[in-house]
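Here is the structure we will look at, set down as C-alpha cells.
Letters A, B, ... mirror the listed sequences (proteins, then strands); counts begin at 1.
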Amino acid sequence: MRIQAPRGTEDVVPATASRWQEIESAYHRIASLYGYREIRTPVFEDVQLFKRTAGETSDIVDKEMYEFQDKGGRDIALKPEGTAPAMRAVLEHNLCPTGTHLRLWYCTACYRYGRPGAGRLRELHQLGAELLGSSSADADAEVIELAIRFFESLGIQGAPVRINSIGRQECRTQFREVILEQAKSFLLDTDEVTRAKIEKNPLGMLDSKDPKQKEALVGLPSILNFLEDDSKARFDQLQLLLTEAAVPYVVSPETVRGLDYYTETVFEYEHPALPGLSVFGGGRYDNLVSQLGGQATPCVGFGIGMERLLAVLEAIDHEAKTPQPVAFIVQASAGAAEVARKIAREGRAKGLPISLDLDRRSLKSQMRQADGSGATFALIIGDDELAEQKVSVKNLKSSEQQMIAIDSVVEFLCENS
RNA sequence: GCGGGUGUAGCUCAGGGGUUAGAGCGUCUGACUGUGACUCAGAAGGCCGUGGGUUCAAGACCCAUCAUCCGCCCCA
C-alpha cells in the first residue's frame with residue numbers, strides 16, 4: 001500500500017502554499033506595525049512545561065498531547081499550543097526584565113491527538129501574539145484589535161469577537177460552586193463520563209452544545225456578576241476601547257477557554273463559514289510566567305488557526321494570487337534553444353518570471369503550454385526570427401503580435417509587465 | 001475517544017452479483033508542415049483504498065482495516 005500522510009496532517013501543496021505565504025506576510029506586516037517581533041521555539045518541549053501551565057482540567061494537555069520518551073529517557077511532548085513555549089523562552093533568555101514590556105508574534109505548528117475532521121487536525125498551525133508586562137485593558141484591546149485588523153486586511157469581517165471575563169481564581173472558585181449547585185439534579189441524572197467531566201471543570205458546561213446541559217443552566221446568573229470590582233472595571237474599559245477601535249464584539253458570558261492558565265479577559269472568534277469552530281481565541285494569563293518560575297508578569301495573547309483561516313478564506317471565495325510568468329518562450333526551430341535560454345536568463349536576472357518548453361514539443365503544443373502557464377506574452381523564436389535576429393512577441397490576452405529585436409526583448413518585457 | 005456517511009481514471013461522479021469497468025472535465029496527439037483559448041477527431045490514463053471471507057462468478061454482498069467527510073467531545 002502506498003504510504004500516505006499521517007492521519008490528521010496535511011501537505012501544503014504549491015497551490016495552497018501561495019496562500020500561506022500571502023497570509024504569513026500579511027500577518028508579519030501587521031504584527032510589525034504594532035511593534036511585535038517574531039519568536040520561534042522548538043517543536044518539542046519538556047512535558048512538564050505543558051502539564052504545569054495549561055494542565056489539569058484541560059483536554060488538550062490531559063488527553064490530546066503527543067507524548068513520548070526520547071532515546072535518553074526524557075519525557076517529551078510535541079507542543080500542543082504556542083504560549084507556554086514562548087514564555088519558557090522569554091524566561092530562558094530574560095527577554096522581558098521586570099518592569100518592561102515585550103511584544104511577540106509567531107507562526108508555529110501545534111500537535112493535538114484528537115479525531116480529525118473539518119477544521120480539526122492533528123498537526124495544525126497557529127499564528128500567535130503575546131503581549132507581556134501590562135495588566136491594563138489597553139493591552140487586551142491591543143491584541144484583539146491586532147487580530148481583527150489582520151482579518152480585515154484579508155477581507156474577513158462581519159463576525160464579532162466574543163469577549164468575556166472569567167475573573168480571578170477566587171471568583172472562579174465561587175462561581176464553580178454556583179454552577180455545581182445549579183446543575184445538581186442534572187448531574188445525578190447524567191452518565192458517569194459527563195458527570196466526571198463537569199465536576200472536574202464546571203466552567204466547561206457554560207459553552208456546552210448539549211441541549212440538556214443548556215437547559216440545566218437556565219436561570220444561572222452570569223459570571224460577570226461575580227467579578228471583583230477591579231476585574232469588572234477592566235472588562236468595562238476593554239469594551240470602551242474596542243468600541244473606540246471599531247472592533248465588532250459581543251459580550252458572551254458563556255465563553256470559556258480550554259487551557260487552565262487563563263484568567264480575567266478571554267475571547268474567541270467564530271466565523272459563519274466554520275460554524276462551531278473558533279478561528280481565533282485567547283485571553284489573559286497573568287499567572288503563567290510565575291508558574292514557570294519567573295517574576296509575576298501580566299500577559300495577554302491569542303492564537304489564530306492557520307488552516308481554519310484558510311478554510312474561511314476559501315469559503316468567502318478569496319482568490320490567492322498565483323504567481324504567473326510574464327513570458328513563455330516558444331521554440332519553433334531547433335536553432336532557437338540557445339537564444340531562448342539566453343533571453344530567459346537575462347529576463348530572470350531582471351526579475352521577470354519566464355518559462356520555456358523543455359521537451360522540444362510541437363509549436364502548437366508549446367503555444368498551449370504558453371496559454372496554460374498564464375503568461376502574458378509568448379515569445380516565438382523560429383527560423384524567420386533567427387534570420388532577422390528578432391523575436392515574435394505575441395500578447396496572449398489581446399492576440400496582438402509584433403517583432404522585436406532579440407536584444408530589446410527583455411527591455412520590452414520590463415516595460416510591459 | 002463515541003455515532004453515522006463515503007472510498008471506482010488527474011478531478012467530479014455513474015455502474016448495486018454475470019463477457020473486455022464507463023461519462024463529463026482535464027491531459028496528450030492531430031484536423032494547411034509557423035500560432036494558444038472556441039470547435040471537431042483520436043489516444044493515453046484504473047491492483048474499483050487495503051486484507052480476508054461468501055460464491056461457479058465480487059467493483060458490487062459479508063467481516064476487518066486504513067483514510068476521509070458529517071456530528072459529538074475538544075479547540076485553532
In the structure I gave you, are the side-chain heavy atoms of I148(A) and Y269(A) within less than 4.5 Å of one another anywhere?
yes

Closer to the 5' end of RNA chain B via nearest nucleotide, is it R115(A) or G119(A)?
R115(A)

Integer-rounded Å distance: rC66(B) P and Q4(A) CD
12 Å

Picking from rC75(B), rA67(B), rA76(B), the nucleotide nearest the side-chain atoms of L121(A) would be rA76(B)

Cationic tip of R122(A) above Y113(A) ring, under 6.0 Å, 45° of axis
yes

Take atom NZ in K200(A); do more than 12 heavy atoms of anything else shown fall under 6.0 Å from it?
yes

Counting primed atoms plus P, OP1 and OP2 as sugar-phosphate and everything else as base, spell out the protein contacts along nucleotides 30-40 of chain B at 4.0 Å heavy-atom distance: B, S or - for each nucleotide, 5' to 3'.
B---BBBB---

What distance separates L132(A) CG from C96(A) SG, expressed to the nearest 0.5 Å?
5.0 Å

Measure OH/Y106(A) against C1'/rA76(B) and give the value in whole Å, please.
10 Å

Pair R341(A) + E338(A): basic N to acidic O under 4.0 Å
no

Kindly write out the residues that satisfy side-chain hydrogen bond (donor to acceptor under 3.5 Å, both in side chains) with Y27(A), not counting sequence neighbours, or none if the list is empty.
none

Which nucleotide sits closest to the side chain of Q126(A): rC66(B), rC75(B), rA76(B)?
rA76(B)

Using the purine O4'-C1'-N9-C4 or pyrimidine O4'-C1'-N1-C2 torsion, is rG16(B) syn (within 90° of 0) or anti?
syn

Pairwise side-chain contact, V143(A) with F267(A), heavy-atom cut-off 4.5 Å (strictly under)
yes

Categorize G276(A) for me: base, sugar-phosphate, or nothing, with a 4.0 angstrom heavy-atom threshold over every strand shown.
base

Just how far is it from atom CG of L277(A) to atom NE2 of H271(A), taken to the nearest 0.5 Å?
13.0 Å

Assert: residue with more 5' nearest nucleotide on RNA chain B, out of G8(A) and V279(A), is G8(A)

Which part of the nucleic acid does G128(A) contact within heavy-atom distance under 4.0 Å: base, sugar-phosphate only, or nothing?
nothing

Starting at CZ of R7(A) and ending at P of rG49(B), how long is that distance when rounded to a whole Å?
18 Å

Positions of residues 177-201 of chain A (non-hydrogen atom under 4.0 Å from RNA chain B), listed by number:
K197(A)

Protein-nucleotide distance (E268(A), atom CD; rC75(B), atom P), rounded to Å
9 Å

Can you find a pair of side-chain heavy atoms, one from R368(A) and one from D371(A), that are under 4.5 Å apart?
no

Find the distance Y269(A):OH to rC75(B):C1' and express it as a whole number of Å.
17 Å

Looking only at atom C1', what distance separates rG5(B) and rG51(B), rounded to whole Å?
22 Å

I'd like the C1' distance from rU12(B) over to rC69(B), given in whole Å.
16 Å

side-chain contact (heavy atoms from CB on, under 4.5 Å) between Q331(A) and I381(A): does it pass, once the steps are laid out?
CA-CA 5 Å; Q331(A) 300 149 65; I381(A) 308 169; 5.6 Å; no

How many whole angstroms separate atom CG of D260(A) from atom C1' of rC75(B)?
14 Å

Roughly how far apart, to the nearest Å, are rG1(B) and rC75(B) at atom C1'?
15 Å

Remember a base hit wins even if backbone is also touched, and classify G114(A) as base, sugar-phosphate or nothing at under 4.0 Å, heavy atoms.
nothing

Regarding K209(A), tell me which of base, sugar-phosphate or nothing describes its non-hydrogen contacts under 4.0 Å with the strands shown.
base

Distance, P atom - from rG16(B) to rG53(B), rounded to whole angstrom
25 Å

Apply side-chain hydrogen bond (donor to acceptor under 3.5 Å, both in side chains) to S222(A) and list each qualifying residue two or more places apart in sequence or on a separate chain.
none

Closest approach to the side chain of Y113(A), judged atom by atom: which nucleotide of rC69(B), rG1(B), rC72(B) is it?
rG1(B)

With heavy atoms under 4.0 Å as the rule, sort A370(A) into base, sugar-phosphate or nothing.
nothing

Integer angstrom distance from the C1' of rC28(B) to that of rA64(B)
41 Å

Those residues that, when tested against R52(A), pass side-chain hydrogen bond (donor to acceptor under 3.5 Å, both in side chains) (two or more places apart)
none

Stem finding on RNA chain B, please: runs of three or more consecutive Watson-Crick or G-U wobble pairs, both distances under 3.5 Å, sorted by first number.
B:1-7 with B:66-72, B:10-13 with B:22-25, B:27-31 with B:39-43, B:49-53 with B:61-65

Assess whether a salt bridge exists between K212(A) and D210(A), defined as any Lys/Arg side-chain N lying under 4.0 Å from an Asp/Glu carboxylate O.
no

Is R112(A) touching bases, backbone alone, or none of the nucleic acid, heavy atoms closer than 4.0 Å?
base

Rounded off to whole Å, could you give me the CG-to-P distance for the D357(A) and rC28(B) pair?
11 Å

Euclidean distance for P, rC74(B) against rC66(B) (whole angstrom)
25 Å

Distance, P atom - from rC25(B) to rA37(B), rounded to whole angstrom:
15 Å

May I ask you to decide whether R112(A) forms a salt bridge with D59(A), counting only side-chain N to carboxylate O separations under 4.0 Å?
no

rG4(B) to rU19(B) separation - C1' atoms, rounded to the nearest Å:
38 Å

Could you state the CD-C1' distance from E254(A) to rC75(B), rounded to the nearest angstrom?
17 Å

